[in-house]
Protein chains: 2
Amino acid sequence: MADLIEVMRAKGMRVTAARRRIIAALTHLGHATPDAVAAAVATDGGPDLPSSTIYRSLDALEELGFVSHTHLDHRAPTYHLAAHADHVHLVCLGCGAIDQMPSAAAQDLVALMQRERGFRADVTHMAIHGWCVDCEAAR
Amino acid sequence: MADLIEVMRAKGMRVTAARRRIIAALTHLGHATPDAVAAAVATDGGPDLPSSTIYRSLDALEELGFVSHTHLDHRAPTYHLAAHADHVHLVCLGCGAIDQMPSAAAQDLVALMQRERGFRADVTHMAIHGWCVDCEAAR
DNA sequence: TTGAATGCAAAAAATTTGCATATTG
DNA sequence: CAATATGCAAATTTTTTGCATTCAA
């Protein structure tokens, strides 16, 4: 996190209280929707943050590369720190359960995309939808 | 599509004009946001469909398994017919370009998830984010 | 006939924007 | 001091819901 602060400054981006609190919330939550981030910072002792600040901060941090997001469920974008242990999400379409596997599981796919398309994929936190053992059995 | 109609009836689901038009729009468009579907049906000669009907129909068709959706970009869910040629989407975080590769490219990953977690993944139309050759070169 | 879907209007969510003010570097 | 970010209010955009009416089977 110390380096995150460094990079923010290096990029001319300001290290404000709001951003520190949002980063702290993400660190603590792991993954969170903008709404969940708002709820989290609301309980850290500081004043509530308007949603505009939440959105703008997440965007800024994402542009910087320290935060990214995926769509785990139907509607909400889920943000997380890039430094957060990287894994892919196995989202069950039946019960909604979310399992994880190390991103390395996708290394062959990544290599293939690189080789055939010159595409440098970021499969960190990628969401893969399907059916978990239990729901699959029930079908 | 004939079988789609059959299955709809078999499931006790009704084959209405609205649904036929929405299916036709998806067939024609390939991928489309609810908004794009609305725009498409608005030009097929019939009356405009209220967004509530668009949403409810897409949900119903998705539940049936004939339609599914992914999140290609930041905000909009993109729907497509399950029968639509299956591929994974390579979405560039830089320029937004969307390339495709056959879903088979992910077969190793699918096998791994199956083997280690009993998870039956549907990688059809899965979105993979990253950087295309050009944007990567520009970084 | 009768349950399923539609259409419409209104409500609820989610996200974005403008602008004056406060803060950071 | 100058540029950047915040806070707040308002506007957009997107999605959902209730309910009377219509339609498919």
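Lettering follows sequence order; numbering is per chain, from 1.
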*Residues of residues 53-62 of chain A with any non-hydrogen atom less than 4.0 angstrom from an atom of DNA chain D: list those, numerically ordered, please.*
A/T53, A/R56, A/S57

Should [X] and [Y] count as side-chain neighbours, where that means a heavy-atom distance under 4.5 Å?
{"X": "A/F66", "Y": "A/L81", "value": "no"}
{"X": "B/D108", "Y": "A/L109", "value": "no"}
{"X": "A/R115", "Y": "A/L112", "value": "yes"}
{"X": "A/Y79", "Y": "A/D59", "value": "yes"}

*Quick one: do A/M8 and A/V41 end up in the same hydrophobic cluster if we chain Ile, Leu, Val, Met, Phe, Trp and Tyr together by side-chain heavy atoms under 4.5 Å apart?*
yes

*Can you get from A/L29 to A/L58 by hopping between Ile, Leu, Val, Met, Phe, Trp and Tyr side chains that sit under 4.5 Å apart?*
no

[X] has an atom [atom1]; how far is it from atom [atom2] of [N], in whole Å?
{"X": "B/D73", "N": "C/dA14", "atom1": "CG", "atom2": "C1'", "value": "15 Å"}
{"X": "A/E63", "N": "D/dT4", "atom1": "CD", "atom2": "P", "value": "13 Å"}
{"X": "B/R20", "N": "C/dA5", "atom1": "CZ", "atom2": "P", "value": "14 Å"}
{"X": "B/H69", "N": "D/dT14", "atom1": "NE2", "atom2": "P", "value": "16 Å"}
{"X": "A/L64", "N": "D/dT4", "atom1": "CG", "atom2": "P", "value": "15 Å"}
{"X": "B/I22", "N": "C/dA5", "atom1": "CD1", "atom2": "P", "value": "12 Å"}
{"X": "B/D48", "N": "C/dT6", "atom1": "CG", "atom2": "C1'", "value": "14 Å"}
{"X": "A/I23", "N": "D/dA5", "atom1": "CD1", "atom2": "P", "value": "12 Å"}

*Distance-only side-chain donor-acceptor flag, A/H80 / A/S68, under 3.5 Å*: yes

_Single hit among B/H89, B/H71, B/H69 for ring-ring contact (aromatic ring centres under 6.0 Å, His included) with B/H31_ = B/H89

*What is the bend of the helix from C/dT1-D/dA25 to C/dG25-D/dC1 when you compare the axis at one end with the axis at the other, using five pairs each and rounding to 10°?*
50°

Give me, pair by pair, the N or O atoms of the protein and of nucleotides 21-24 of chain D that are less than 3.5 Å apart, along with how far apart they are.
| residue | atom | partner | partner atom | Å |
| --- | --- | --- | --- | --- |
| D/dA24 | N3 | B/R14 | NH1 | 3.3 |

*asked:* Just N and O in the side chain of A/R19: are any of them under 4.0 Å from OP1 or OP2 of D/dA5?
replied: yes

*Classify the nucleic acid contact of B/P47 as base, sugar-phosphate or nothing, counting any heavy atom under 4.0 Å across all strands shown.*
nothing

*Would you say B/E63 has more than 12 foreign heavy atoms packed within less than 6.0 Å of its CD?*
no

*asked:* Taking CD in B/E116 as the centre, count heavy atoms belonging to other residues, nucleotides or ligands within less than 6.0 Å. Is the count above 12?
replied: yes

*Report the residue (B/S52 or B/R75) whose heavy-atom-nearest nucleotide on DNA chain D is the more 5′ of the two.*
B/R75

_With nearest nucleotide decided by heavy atoms, which residue, A/D35 or B/P50, maps closer to the 5′ end of DNA chain C?_
B/P50

*Centres of the A/H125 and A/H87 rings: under 6.0 Å?*
yes

*Any chance you could lay out the side-chain contact (heavy atoms from CB on, under 4.5 Å) test for A/H129 and B/D122, step after step, and finish with the verdict?*
CA-CA 6 Å; A/H129 297 262; B/D122 171 16; 5.6 Å; no

